[in-house]
Amino acid sequence: MIGKLKSGALLLLVMVLATTTQAGTGPNLASVNAAVARVGDDNLVFGKNADRQVPIASVTKLMTALVVLESGQPLDQPLTFHERHTPAANNAYTRIRVDSTLPRSEVIRIALMSSENFAAYTLASNHPGGYDAFVDAMNEKARALGMSGSRFVDPTGLSALNVSTASDLVRLVNATLKHPEIRDYSTTGYYRAHFRNPRYSLSFGNTNPLVHRDSWGVELSKTGYLSEAGRCLVMVSDMNGEKIVTVLLDSLGTRSPLGDSGRIKRWLDTGEPGSVAKAARRYEQEKNAAYAVADNGPSTVN
């Protein structure tokens with residue numbers, strides 16, 4: 001029956017379902033898909049379409065860093081930035097010069113805190129067995145973590161075929177937290193990298209403004225964006241005395257994940273769900289309608 005509805009009627013149905021299923025059950029969020037959990041616990045405190053498989057953009061780089069660190073390769077080893085062996089799926093602009101070098105630890109750092117795509121590609125290319133072996137290792141690690149809704153085709157997140165679920169990403173975050181390097185690198189506010197061959201320096205800034213706010217106590221962070229994925233934010237922060245994993249996928253604008261983080265924090269403290277801007281709500285309704293058409297069924301909040 002759903003598949004036979006006209007698009008306008010389907011959108012109305014999804015709007016009603018999204019409103020009635022979320023009301024009174026948790027915070028009102030602009031993000032289309034979300035998960036909230038306590039650190040160390042894969043069970044969710046709150047989920048919104050948490051098992052829906054969606055593109056995750058540069059959130060991918062958390063898995064990239066995890067695979068690199070668990071490979072045991074020396075962090076002080078210089079890596080050379082070679083030309084890509086295959087074109088990037090999306091715009092891969094970089095300021096890094098081809099054939100320059102940087103220690104592996106710094107390459108991981110700028111890949112995480114500044115979402116540098118050439119850095120993530122270079123990490124994969126220097127994996128034992130090469131680039132393809134690295135992507136295989138990403139998927140093998142996802143299976144080992146029980147991330148059954150996740151699939152990776154590249155280490156950067158430039159491909160929309162890199163997909164996961166909000167609940168799967170909670171598992172990934174809890175795994176990455178075991179590595180202090182990932183906590184350090186991903187929350188670095190500003191960093192100046194010193195390259196060699198030739199010698200030059202570049203400054204990098206963190207893509208999550210909340211890492212600069214002491215009141216948030218951010219211990220891990222990764223942002224992401226593709227047109228197919230919307231704005232994404234995965235973070236571990238201090239919320240009312242607890243360390244909380246927040247996964248926010250597919251938001252309309254750069255400020256929406258930040259607003260959602262604040263609404264989650266207030267909800268955990270007071271139970272107040274908060275409110276979302278009309279434009280963000282329209283975006284959510286349109287995306288849910290599109291998912292419903294693709295799945296031949298209505299969207300649900302879980």
Side-chain angles (χ1 to χ4, degrees), residues 39-40 56-81 92 94-96 100-127 134 137-138 141-142 145 152 154-158 162 164 169-196 201-214 216-225 232-238 243-247 257 261:
V39 162
I56 59 170
S58 284
V59 172
T60 293
K61 294 182 179 77
L62 284 177
M63 178 62 83
T64 299
L66 182 62
V67 171
V68 172
L69 287 171
E70 294 195 347
S71 73
Q73 294 177 283
L75 293 180
D76 59 356
Q77 179 183 1
L79 302 185
T80 301
F81 290 82
T94 183
R95 297 175 295 150
I96 298 174
S100 59
T101 67
L102 194 68
R104 180 177 280 107
S105 61
E106 296 187 44
V107 179
I108 302 172
R109 187 186 301 273
I110 62 175
L112 288 174
M113 54 88 69
S114 193
S115 211
E116 223 301 331
N117 291 307
F118 199 9
Y121 171 83
T122 298
L123 290 168
S125 297
N126 282 273
H127 187 73
F134 186 88
M138 294 173 73
K141 187 61 182 180
L145 292 174
F152 299 95
D154 90 295
T156 66
L158 287 171
N162 278 16
S164 188
L169 292 175
V170 170
R171 293 177 178 271
L172 177 58
V173 168
N174 280 325
T176 58
L177 283 172
K178 298 176 183 177
H179 295 272
E181 297 91 347
I182 295 180
R183 297 200 302 269
D184 175 26
Y185 299 160
S186 72
T187 59
T188 301
Y190 299 101
Y191 192 71
R192 190 160 183 83
H194 300 280
F195 296 83
R196 293 180 179 273
S201 299
L202 294 174
S203 294
F204 297 89
N206 202 296
T207 53
N208 178 9
L210 295 182
V211 304
H212 302 287
R213 303 180 188 177
D214 292 341
W216 278 88
V218 178
E219 293 191 3
L220 181 142
S221 173
K222 191 69 202 78
T223 62
Y225 173 74
C232 303
L233 173 62
V234 173
M235 180 173 66
V236 172
S237 62
D238 186 353
K243 297 301 180 183
I244 299 294
V245 179
T246 304
V247 177
S261 298

Checking side-chain polar atoms at under 3.5 Å, does Glu106 have a donor or acceptor matched by the opposite partner on His194? no
For Val234 and Leu172, what are the C-alpha separation, side-chain angles and deciding distance, and is it a side-chain contact (heavy atoms from CB on, under 4.5 Å)? CA-CA 10 Å; Val234 173; Leu172 177 58; over 6 Å; no
If we ignore hydrogens and angles and just use 3.5 Å, is the side chain of Lys243 paired with the main-chain N or O of Asp238 as donor and acceptor? no
To the nearest 0.5 angstrom, please state how far the CG atom of Leu69 sits from the CD1 atom of Ile182. 5.0 Å
From Leu62 atom CG to Met138 atom CE, the distance as rounded to the nearest 0.5 Å: 10.0 Å
Identify which one of Val59, Ile56, Val170 satisfies the side chain to side chain contact (heavy atoms under 4.5 Å, CB included) criterion when paired with Val247. Val170
Do His127 and Val68 make a side-chain contact, defined as non-hydrogen atoms from C-beta onward lying under 4.5 Å apart? no
Do Val107 and Phe81 come close enough that some side-chain heavy atom pair is under 4.5 Å? yes
Is there a side-chain contact between Ser237 and Leu210 in this structure, where contact means two heavy atoms from C-beta onward sitting under 4.5 Å apart? no
Going by heavy atoms in the side chains, are Ile96 and Glu116 under 4.5 Å from each other? yes
Side chains of Pro155 and Leu123 in contact at under 4.5 Å (non-hydrogen atoms): no
Where is the tightest heavy-atom contact between Thr187 and Ser221, given as atom of each residue plus distance? CG2-N, 4.2 Å
Quick one, Ser186 and Val218 - any side-chain contact, counting heavy atoms below 4.5 Å? no
Check: Glu181 side chain, Ile108 main-chain N or O, donor-acceptor pair, under 3.5 Å: no
Checking Lys222 against Ser115: is there a side-chain donor and acceptor pair closer than 3.5 Å? yes
Please round to the nearest 0.5 Å and tell me the distance separating atom CG of Asn162 and atom CE of Met63. 10.0 Å
When rounded to the nearest 0.5 angstrom, what distance separates CZ in Arg171 from CG in Leu169? 11.5 Å
Which atom of Thr64 lies closest to which atom of Ala120, heavy atoms considered: CG2-O, 4.3 Å
Interatomic distance, CG@Asp184 vs CD@Glu219, rounded to 0.5 Å, equals 12.0 Å
How many angstroms lie between atom CG of Asp154 and atom CZ of Phe134, to the nearest 0.5 angstrom? 10.0 Å
If we check side chain to side chain contact (heavy atoms under 4.5 Å, CB included) with Met235, which of these qualifies: Leu220, Asn208, Val245? Asn208
Starting from the C-alpha separation in whole Å, work towards a yes-or-no answer on side-chain contact (heavy atoms from CB on, under 4.5 Å) for Ser164 and Thr60. CA-CA 9 Å; Ser164 188; Thr60 293; over 6 Å; no
Can you check whether Leu79's main-chain N or O pairs, donor with acceptor, with Arg104's side chain at less than 3.5 Å? no
Check whether NZ of the Lys or CZ of the Arg Arg109 lies under 6.0 Å from the centre of the six-membered ring of Phe204 and within 45 degrees of that ring's axis. no
Are Leu145 and Leu66 packed together at the side-chain level, in the sense that at least one heavy-atom pair is separated by less than 4.5 angstrom? yes
Shortest non-hydrogen pair, Val39 vs Leu177, comes out as CG1-CD1, 3.7 Å
